[in-house]
Amino acid sequence: SFPGGRRDPSDGDAVATALRETREELGLVLRAPSVWGQLRALPDRQGLMVAPIVANLGPLEDFTLTPNPDEVEEVFTVPLAHLLREENQGYTHFRTAGRYGYTLPVFLNCPHKVWGLTAIITEMTLELLAPDRY
């Protein structure tokens with residue numbers, strides 16, 4: 001999943017929350033100018049609203065992550081080109097009470113299967129970054 005968490009009273013807005021959570025979880029200090037914007041808010045499984053923030057980190061080689069072991073078990077990246085290949089895209093169909101419930105995107109053939117809310121946010125981001133290819 002992506003860095004994230006509850007808004008603190010000291011956070012001015014969703015962007016401030018995202019920047020703070022990224023610093024706390026990954027040790028990565030981002031400034032507001034690197035933020036591209038906010039995607040539409042969506043509910044998580046508990047019904048809480050999640051406000052995805054998209055930012056440009058720049059080249060991965062230019063920074064060192066220091067994940068907080070209390071919050072982050074593992075860090076991995078997936079190249080944009082990998083996500084855009086059709087063979088790496090799919091959908092998971094969920095059933096509730098033995099009947100069709102809902103369908104969510106899933107991204108395959110990565111270090112880990114990307115699914116759930118993370119896949120939904122990834123799909124929303126791909127629609128913005130590569131509308132002609134996704």
Side-chain angles (χ1 to χ4, degrees):
S1 69
F2 297 112
R6 290 190 183 269
R7 187 173 176 177
D8 282 353
S10 62
D11 295 337
D13 57 16
V15 170
T17 301
L19 296 177
R20 178 184 52 75
E21 288 287 345
T22 301
R23 184 182 68 251
E24 289 176 4
E25 292 183 20
L26 298 176
L28 182 59
V29 178
L30 296 175
R31 304 284 179 230
S34 65
V35 173
W36 285 348
Q38 179 177 327
L39 301 175
R40 74 175 158 78
L42 49 138
D44 68 5
R45 280 193 265 172
Q46 290 77 37
L48 299 172
M49 294 305 286
V50 175
I53 305 299
V54 179
N56 181 356
L57 302 180
L60 296 177
E61 305 81 36
D62 290 353
F63 57 86
T64 302
L65 299 178
T66 52
N68 178 341
D70 294 331
E71 297 196 46
V72 178
E73 183 176 320
E74 181 179 1
V75 175
F76 68 94
T77 61
V78 181
L80 182 61
H82 179 92
L83 296 170
L84 291 173
R85 284 190 211 109
E86 282 189 41
E87 63 267 21
N88 298 326
Q89 303 166 9
Y91 290 92
T92 302
H93 305 286
F94 292 89
R95 294 180 162 274
T96 55
R99 297 173 38 179
Y100 171 77
Y102 54 94
T103 300
L104 295 178
V106 62
F107 294 91
L108 310 166
N109 306 313
C110 310
H112 302 283
K113 181 171 32 173
V114 178
W115 64 286
L117 191 58
T118 302
I120 294 170
I121 295 169
T122 299
E123 182 176 67
M124 291 167 60
T125 304
L126 290 174
E127 289 169 349
L128 287 173
L129 294 179
D132 57 329
R133 295 190 53 205
Y134 187 82

**Q.** Residues forming a side-chain hydrogen bond (donor to acceptor under 3.5 Å, both in side chains) with Glu74, sequence neighbours excluded
**A.** His112
Q | Least distance between heavy atoms, Ala14 atom then Ala51 atom | A | CB-CB, 4.0 Å
Q. Applying salt bridge (charged side-chain N to carboxylate O under 4.0 Å, His left out), which residue pairs with at least one partner in residues 120-134 are found, sequence neighbours left out?
A. none
Q | For the student: nearest non-hydrogen atoms of Val75 and Pro67, plus distance | A | CG2-CG, 3.8 Å
Q: Report the residues that fulfil side chain to side chain contact (heavy atoms under 4.5 Å, CB included) with Arg40, sequence neighbours left out, ordered by chain and then residue number.
A: Leu42, Met124
Q: If you link ILVMFWY side chains whenever their heavy atoms are less than 4.5 Å apart, which other residues fall into the same cluster as Leu48? By chain and number, please.
A: none
Q: Provide the closest heavy-atom pair for Gly12 versus Arg7 in the form atom of the first, atom of the second, distance.
A: O-NH2, 2.6 Å
Q.
Are the side chains of Leu128 and Leu39 in contact, using a 4.5 Å heavy-atom criterion?
A. yes
(Q) List the residues meeting side chain to side chain contact (heavy atoms under 4.5 Å, CB included) with Thr92, not counting sequence neighbours, and say none if there are none. (A) Phe94, Val106
Q) In chain order, what residues pass the side-chain hydrogen bond (donor to acceptor under 3.5 Å, both in side chains) check against Asp44, with sequence neighbours excluded? A) none
Q: Taking all heavy atoms of Thr66 and all of Gly27, pick out the closest pair and write down the distance.
A: OG1-CA, 3.4 Å
Q. Among pairs that include at least one residue of residues 83-98, which meet salt bridge (charged side-chain N to carboxylate O under 4.0 Å, His left out), considering only residues two or more places apart or in two chains?
A. none
Q.
Using modelled atom types and a 3.5 Å cut-off, is there a donor and acceptor pairing between side-chain atoms of Asn88 and backbone atoms of Asn109?
A. no
Q) Considering only heavy atoms from C-beta outward, does the side chain of Phe2 approach that of Leu117 to under 4.5 Å? A) no
Q: Just jot down the side-chain hydrogen bond (donor to acceptor under 3.5 Å, both in side chains) partners of Tyr100, sequence neighbours excluded, or say none.
A: Thr103
Q) Hey, are the side chains of Val35 and Leu19 touching, using non-hydrogen atoms and a 4.5 Å cut-off? A) yes
Q | Verdict with supporting geometry, Ile53 and Thr22, side chain to side chain contact (heavy atoms under 4.5 Å, CB included) | A | CA-CA 11 Å; Ile53 305 299; Thr22 301; over 6 Å; no
Q: Please report the shortest heavy-atom distance between Leu60 and Thr77, naming the atom on each side.
A: CD1-CG2, 3.9 Å
(Q) Which Ile, Leu, Val, Met, Phe, Trp or Tyr residues join Tyr91 in one cluster when any pair of side-chain heavy atoms under 4.5 Å counts as a link? (A) Phe76, Val78, Leu80, Leu83, Leu84, Phe107, Val114, Leu126, Tyr134
Q: Work out which heavy atom in Thr96 is nearest to a heavy atom in Gly101; give both atom names and the distance.
A: OG1-CA, 3.9 Å
**Q.** All side chain to side chain contact (heavy atoms under 4.5 Å, CB included) counterparts of Pro43, not counting sequence neighbours
**A.** Met49
Q | Pairwise salt bridge (charged side-chain N to carboxylate O under 4.0 Å, His left out) hits with a residue in residues 12-31, at least two apart | A | Asp8-Arg20, Asp11-Arg20, Arg20-Glu24
Q. Looking at side-chain heavy atoms only, is the closest gap between Leu129 and Trp36 below 4.5 Å?
A. yes
Q | Set of side chain to side chain contact (heavy atoms under 4.5 Å, CB included) partners for Ser34, sequence neighbours left out | A | Leu30, Ala55
